[in-house]
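These notes concern the structure reproduced below.
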Amino acid sequence: MTGKRPSAATLVAWQRTHGRHALPWQRTRDPYRVWLSEIMLQQTQVATVLGYYERFLLRFPDVRSLAAAPQDEVLALWSGLGYYSRARNLHACARAVIEHHGGSFPNSSAALAKLPGIGRSTAAAIAAFCFGERTAILDGNVKRVLTRALGFGDDLAEAAHERRLWQHAEALLPKTGIEAYTQGLMDLGATVCTVRRPACDACPWSNCCVARAEGRPEAYPVKTRKLKRGRRENSLLLLTSGAQLWLVQRPAPGVWAGLWSLPEFTGDEAVQAFAAQGPGRIEALPHVHHVLTHFDWQLKPWHWQLPPRTAAATRQRIESALPGDGRWFARDEALAAGLPAPVRRLIDQLA
DNA sequence: CTCCAGGACA
DNA sequence: TGTCCTGGAG
């Protein structure tokens, strides 16, 4: 690690002229809005967040309305964004702010970080933007910017190395202008110092960047991933009765916890055996390949349409034999519920 | 199609 | 340290 120290002042000046200023959660110091945007921006790109952010604010204009809502409604608005623990924590955090902080977010990063879903970096971002607190953020974008600028080549998979990078992040903080500096780091990572093909010519730190001097900015950050994905295969039952369909609420903990999904079976034989107990025909739908962090999920959906005049007793027998905690939904009602993305697509495609 | 980025938490 | 999801890039 050699080279001139990256200048915070240079980054601040760059942010003011070349950074982003028109995002809807900028130009407000309302902790509720900043917090909401930061949670959504965890693991999610700006372009995707924009629509969700707007819908959330329309439905939940303040922390009180969010805290008062049932979790189901929060998950419904979050549907499609992924990492649904963020939505559950968002809701829990709103309730904690109401119950333990008199309805106002605490004004220090240390206190913010005690709230559900707010880790060290998110707490620092909120505190910097809303309260001008001089604290370091270190999200994925910033890790990339800093490791490149500093030529920090130690494996971030090791906790000790990550701690050292945090120390660097703190040492680089400006005396004043923490808002523009923090935003500048984010903007640099998002628009210039990108994962592939970084635009070094447009970078305010190009003349001090070690990675650039080495001619291989893409080599940073170094992070060995040892996680190997497993495979899973399940069959899903899309049971419809006229304009109604049957959804089950998935248990917590686990994948898609709290979301509404289709009854899940171990395999095709199990679905077919189940449907064989009742009237009507069952039809295979195209497979859906869904990738999660830790496994590849091969989903094999089957559509079972109950005949129009299926006896009430027969329907009840089927309903009570279905796995999971379910009920009937009208199609529009289902599409307004908290569905995982692939399930939403399946129901969307339903004629 | 395949590959991969991206925070918090138990 | 493994668990959570999705979309964008190539």
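Note that the coordinates shown come from a computational prediction; the quantities given were computed from them, not determined experimentally. Scope of the values below: all heavy atoms of this structure, side chains included, with no hydrogens, waters or symmetry mates.
For A:T48, counting side-chain heavy atoms from C-beta on, the closest listed nucleotide (B:dG7, B:dC9, C:dG8) is C:dG8. Here the nucleotide nearest the side chain of A:V255, chosen from B:dC9, B:dG7, C:dC4, is C:dC4. Side chain of A:V195, nearest nucleotide from C:dC5, B:dG6, B:dA8: B:dG6. Here the side chain of A:R196 is nearest to one of C:dG10, C:dG7, C:dC5, namely C:dG10. Side-chain proximity of A:T122 to C:dC5, C:dA9, B:dA8: nearest is B:dA8.
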Give the table of side-chain donor-acceptor pairs shorter than 3.5 Å for residues 299-306 of chain A, with sequence neighbours excluded, one pair per line with atom names and distance.
from, atom 1, to, atom 2, distance (Å)
A:K300, NZ, A:E233, OE2, 2.8
A:K300, NZ, A:D268, OD2, 3.3
A:W302, NE1, A:D268, OD1, 2.8
A:H303, NE2, A:T240, OG1, 2.9
A:W304, NE1, A:P279, O, 2.8

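One cannot find a donor-acceptor pair under 3.5 Å joining the base of C:dG7 and the side-chain atoms of A:Q45. Side chain A:Y83 to base B:dG6: a donor-acceptor pair is found below 3.5 Å.
The side chain to side chain contact (heavy atoms under 4.5 Å, CB included) test applied to A:A330 returns A:Q244, A:E333, not counting sequence neighbours.
Linking ILVMFWY side-chain heavy atoms closer than 4.5 Å, directly or via other members, places A:F274 and A:L245 in two distinct hydrophobic clusters.
In this structure, A:P253 reaches neither bases nor backbone, as no heavy-atom distance under 4.0 Å exists between it and the strands shown. Using a 4.0 Å heavy-atom criterion, one finds that A:R344 contacts no nucleic acid atom at all. The residue A:I118 sits close only to the backbone: its heavy atoms come under 4.0 Å of sugar-phosphate atoms, none of a base. Among the protein residues, A:T293 comes within range of the nucleic acid bases, having at least one heavy atom under 4.0 Å from a base atom.
Across the protein-nucleic acid pair, A:H294 atom NE2 and B:dA8 atom P stand 19 Å apart, rounded to whole Å. Between A:M186 atom CE and B:dG7 atom P the separation is 9 Å, expressed in whole Å.
The side chain of A:Q43 places no N or O atom within less than 4.0 Å of a non-bridging phosphate oxygen (OP1 or OP2) of C:dC4.
For the pair A:R120 and A:W166, the cation-pi criterion (under 6.0 Å, within 45° of the ring axis) is fulfilled.
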